A.B. asks: 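Below are the structure tokens for one structure; questions will follow.
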Amino acid sequence: MYKRSIGLAILIAVSLSVVFLIVQNLTFDKASAQTPTRNAVITAPEPQPKAPAPIVYGIPTDSLEIVEATVKRGENLSQILDEYNITLATISELAKKSKPVFNVRRISANRNYTILHLPDSGRTAQYFIYEPNETEYVIYDLRKELAVNLQKRQVDTVERAVAGLIRNSLYDAMIEAGGSAQLVNHFADIYAWRLDLNRLQPGDKFKLIYDEHVVNGKTIGFGKIKSAYFEHEGKELYAIHFEKGKSSGYYDQEGNSLKRAFLREPLEYSRISSRFTKRRFHPVQKRYKPHLGTDFAARKGTPIRTVGDGVVLEARYTRGNGYYVKIKHNKTYTTQYLHMSKFAKGMRPGKRVKQGQTIGYVGSTGLATGPHLCYRFWKNGRQVDALKVKLPAADPIHRNHLQDFEQLKESTINQMQAINFNENEQGELLASGKHLPEQDA
């Protein structure tokens, strides 16, 4: 019994010694892994390649710093460059060199600019780049010789489409579908003589195929509507743009022109504030008298367009009419546009004008209480209601071009049928900006 106890004690002691050695070795190995020995080689991390400096407006900026900002109201070039070590003498010389390219006085508020300057204590500007619009930029080289260059960006034209269902108004429906006020105005002009756009019904539908102008992936404006579709009370009316010979404009699916000899209104998609009447209380003269014109409410400065081709008879000022333009279109029709804030450039008696051309801008000159346009219309020397007079339609597709028109019509209808009215699908199409499916001509 005594011998067995001694043997068990020896076995326990040996086991504990083995465990101690194992733990000691593990601790040593861990410490060795964390602490390099005298002869160990420490590998330094590989240096990361430095990213190249960006090229801004075609200018390498590896030795320059970039400042981007927006012109503040009332700010001019000398104020902008004052903190970038550019003297008034240099600004004066730069303004002289700039005149033939881009006058520095045209630098306006809320436009973007970029300054490239040296990383020195004075932050001396080397370049000033100003963007007067989305398609152009002016590079002012502020180094020794001074130079000014106007550059134009590439403008891409992409074909797009929108489709929508009218619930309240055409304007609301088209904006909701992803269109713009410009598209609404163009669409209204196309259909003005076939549809009363103030009496559209909930449930009416529309589709448009149009050009969109894009710069560096950003939409900057809209081009012409190539074709349109409108469904009113279950009736379909296409508007297909066709240009060949004397056939020019928008035509329905039968080849008849949607256009009349005159535009319906002299302002784009505006609101009528007073109609043609034989008895109206004059807000300035405070008495009842005939109002032989149609008033359109609009903001001051809104462009006024001539409703048809013609020759300017008068462009002058009178106490009652303010600044006005009167145009003779032919032996039968004459129009007049009153209370302008100013004339368009070149408006004078004898000048020929084209339908849709800007002839002046909305104002409140003469006997007017606020900015609006009074539009007057003569037929055979007698003033008539411009909104009720029956005007001749433009010519239909010429028979020599009917075959070409039929081919275009077939292609257009196929494209229109590929555009879905479903709101979810429509939203996805518009959000992604997909191109229309190509059609065989």
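We use all heavy atoms of the structure for the numbers below, so side chains are in, but hydrogens, waters and symmetry mates are not. The structure presented is a predicted model; accordingly, all values stated were derived computationally and were not measured.
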A.B. asks: On a heavy-atom basis, which atom in G346 and which in R348 lie closest, and how many Å separate them?
C.D. replies: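 Where G346 meets R348 most closely, the heavy atoms are O-NH1, 2.9 Å.
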A.B. asks: Can you see which heavy atom on R194 is nearest to which on D252, and at what distance?
C.D. replies: NH2-OD2, 2.9 Å
A.B. asks: Between T332 and K379, is any pair of side-chain heavy atoms under 4.5 Å apart?
C.D. replies: yes
A.B. asks: Say whether, by atom type as modelled, one donor and one acceptor occur between the side chain of R111 and the main chain of V71 under 3.5 angstrom.
C.D. replies: no
A.B. asks: Parallel, tilted or perpendicular: which fits the ring planes of F262 and H329, with parallel below 30° and perpendicular above 60°?
C.D. replies: perpendicular
A.B. asks: Between E176 and R167, is any pair of side-chain heavy atoms under 4.5 Å apart?
C.D. replies: yes
A.B. asks: Do the rings of F405 and Y251 sit parallel, tilted or perpendicular, given the 30° and 60° boundaries?
C.D. replies: perpendicular
A.B. asks: With rounding to the nearest 0.5 angstrom, report the CG to CG distance, N85 to D120.
C.D. replies: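 Going from the CG atom of N85 to the CG atom of D120 covers 7.0 Å.
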A.B. asks: Taking atom OH of Y171 and atom OG of S180, what is their separation to the nearest 0.5 Å?
C.D. replies: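 Y171 atom OH to S180 atom OG measures 8.5 Å (nearest 0.5 Å).
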A.B. asks: If only atom types and distance count, is the side chain of T365 paired as donor or acceptor with the main-chain N or O of Y323 below 3.5 Å?
C.D. replies: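 Yes; judged by distance alone, with no hydrogens or angles, the pair exists.
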A.B. asks: Would you say NZ of K409 has more than 12 non-hydrogen atoms from neighbouring residues, nucleotides or ligands within 6.0 angstrom?
C.D. replies: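 Check passes, neighbour count above 12.
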A.B. asks: Would you name the heavy atoms of V325 and A315 that are closest together and state the gap between them?
C.D. replies: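 The pair with the smallest heavy-atom distance is CG2-CB, 4.2 Å.
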A.B. asks: With no hydrogens and no angle check, do the side chains of T335 and Y337 hold a donor and an acceptor under 3.5 Å apart?
C.D. replies: yes
A.B. asks: If you take all heavy atoms of P119 and S63, which pair is closest and at what distance?
C.D. replies: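 Looking at all heavy atoms of both residues, the shortest contact is CD-O, 3.4 Å.
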A.B. asks: OG1/T294 to NE2/H372 distance, rounded to the nearest 0.5 angstrom?
C.D. replies: 11.0 Å
A.B. asks: Quick one, L94 and F128 - any side-chain contact, counting heavy atoms below 4.5 Å?
C.D. replies: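 A side-chain contact under 4.5 Å is absent here.
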A.B. asks: Apply side-chain contact (heavy atoms from CB on, under 4.5 Å) to the pair D156 and V215, showing each step before the final yes or no.
C.D. replies: CA-CA 6 Å; D156 297 319; V215 171; over 6 Å; no
A.B. asks: Are any non-hydrogen side-chain atoms of Y127 and L64 less than 4.5 angstrom apart?
C.D. replies: yes
A.B. asks: Report yes if the side chains of Y113 and E131 come closer than 4.5 Å at any heavy-atom pair, otherwise no.
C.D. replies: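 No, every pair of side-chain atoms sits at 4.5 Å or beyond.
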A.B. asks: Could you walk me through whether I115 and L81 pass the side-chain contact (heavy atoms from CB on, under 4.5 Å) check?
C.D. replies: CA-CA 9 Å; I115 293 174; L81 295 178; 4.0 Å; yes
A.B. asks: Quick one: does S341's side chain have a donor or acceptor within less than 3.5 Å of a partner on V362's backbone?
C.D. replies: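 Yes, because the side chain of S341 sits within donor-acceptor range (under 3.5 Å) of the backbone of V362.
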A.B. asks: In this structure, which one of Q415, H241, E159 forms a side chain to side chain donor-acceptor pair (under 3.5 Å) with K226?
C.D. replies: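 Per the side chain to side chain donor-acceptor pair (under 3.5 Å) rule, the option paired with K226 is E159, out of Q415, H241, E159.
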A.B. asks: Does N76 offer a backbone N or O that forms a donor-acceptor pair with the side chain of Q79 under 3.5 Å?
C.D. replies: yes
A.B. asks: A side-chain contact here means heavy atoms from C-beta on lying under 4.5 Å apart; do D189 and E265 qualify?
C.D. replies: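 Side chain of D189 against side chain of E265, heavy atoms only: no contact under 4.5 Å found.
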A.B. asks: Is the backbone of L88 close enough, under 3.5 Å, to the side chain of S78 for a donor and an acceptor to pair up by distance?
C.D. replies: no
A.B. asks: Could you tell me which non-hydrogen atom of S257 sits nearest to which non-hydrogen atom of D395, and how far apart they are?
C.D. replies: CB-O, 3.6 Å
A.B. asks: Is atom CZ of R105 surrounded by more than 12 heavy atoms (other residues, nucleotides or ligands) closer than 6.0 Å?
C.D. replies: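 Counting neighbours around CZ of R105, 12 or fewer heavy atoms of other residues, nucleotides or ligands fall under 6.0 Å, so no.
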A.B. asks: Got a second to check how far N112's CG is from Y130's OH, nearest 0.5 Å?
C.D. replies: 9.0 Å
A.B. asks: Could I get the full list of side-chain hydrogen bond (donor to acceptor under 3.5 Å, both in side chains) partners for K244, not counting sequence neighbours?
C.D. replies: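 Applying side-chain hydrogen bond (donor to acceptor under 3.5 Å, both in side chains) to K244 gives D404.
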A.B. asks: Distance-only, no hydrogens or angles: does the R382 side chain make a donor-acceptor pair with backbone N or O of N380 under 3.5 Å?
C.D. replies: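 A pair under 3.5 Å: no.
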A.B. asks: Backbone N or O of R106 within a donor-acceptor pair of the N103 side chain at under 3.5 Å?
C.D. replies: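 Checked: no pair found.
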A.B. asks: Could you go through the side-chain contact (heavy atoms from CB on, under 4.5 Å) check for Q253 and T412 one step at a time?
C.D. replies: CA-CA 10 Å; Q253 55 266 48; T412 298; over 6 Å; no
A.B. asks: Given side chains that start at C-beta, do those of Y57 and N149 come closer than 4.5 Å, heavy atoms only?
C.D. replies: no
A.B. asks: Which atom pair, heavy atoms only, marks the closest approach of R299 to P371?
C.D. replies: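 Minimum heavy-atom separation between R299 and P371: C-CB, 4.4 Å.
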A.B. asks: Could you go through L263 and Q355, starting from their C-alpha distance and side-chain angles, then the distance that decides it, and tell me whether this counts as side-chain contact (heavy atoms from CB on, under 4.5 Å)?
C.D. replies: CA-CA 8 Å; L263 297 175; Q355 186 182 79; 3.8 Å; yes
A.B. asks: Quick check: does any side chain N or O of Q357 sit under 3.5 Å from a backbone N or O of K354, one acting as donor and the other as acceptor?
C.D. replies: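 Yes, because the side chain of Q357 sits within donor-acceptor range (under 3.5 Å) of the backbone of K354.
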A.B. asks: Between NE2 of H117 and OG1 of T124, what distance do you get to the nearest 0.5 Å?
C.D. replies: 9.5 Å
A.B. asks: Do I304 and L267 come close enough that some side-chain heavy atom pair is under 4.5 Å?
C.D. replies: yes
A.B. asks: State the CG-CG distance between L183 and L208, to the nearest 0.5 angstrom.
C.D. replies: 6.0 Å
A.B. asks: Using only atom types and a distance under 3.5 Å, with no angle test, would you say the side chain of S248 pairs donor to acceptor with the backbone of E243?
C.D. replies: no
A.B. asks: Less than 4.0 Å between a side-chain N and a carboxylate O, is that true for E236 and K207?
C.D. replies: no
A.B. asks: Using modelled atom types only, decide if a donor and an acceptor are shared between the side chain of T358 and the backbone of G360 within a distance under 3.5 Å.
C.D. replies: no
A.B. asks: Could you label the plane-to-plane angle of the H232 and F230 rings as parallel, tilted or perpendicular, counting under 30° as parallel and over 60° as perpendicular?
C.D. replies: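 Plane angle between 30° and 60°, so tilted.
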A.B. asks: Just checking E410: does its CD atom have more than 12 heavy atoms from other residues, nucleotides or ligands closer to it than 6.0 angstrom?
C.D. replies: no
A.B. asks: Aromatic rings F222 and Y210: how do their planes relate, parallel, tilted or perpendicular, breaks at 30° and 60°?
C.D. replies: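 Plane angle between 30° and 60°, so tilted.
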A.B. asks: Among side-chain atoms of D204 and Q201, is any donor-acceptor pair under 3.5 angstrom?
C.D. replies: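 Not at all, the side chains of D204 and Q201 share no donor-acceptor pair under 3.5 Å.
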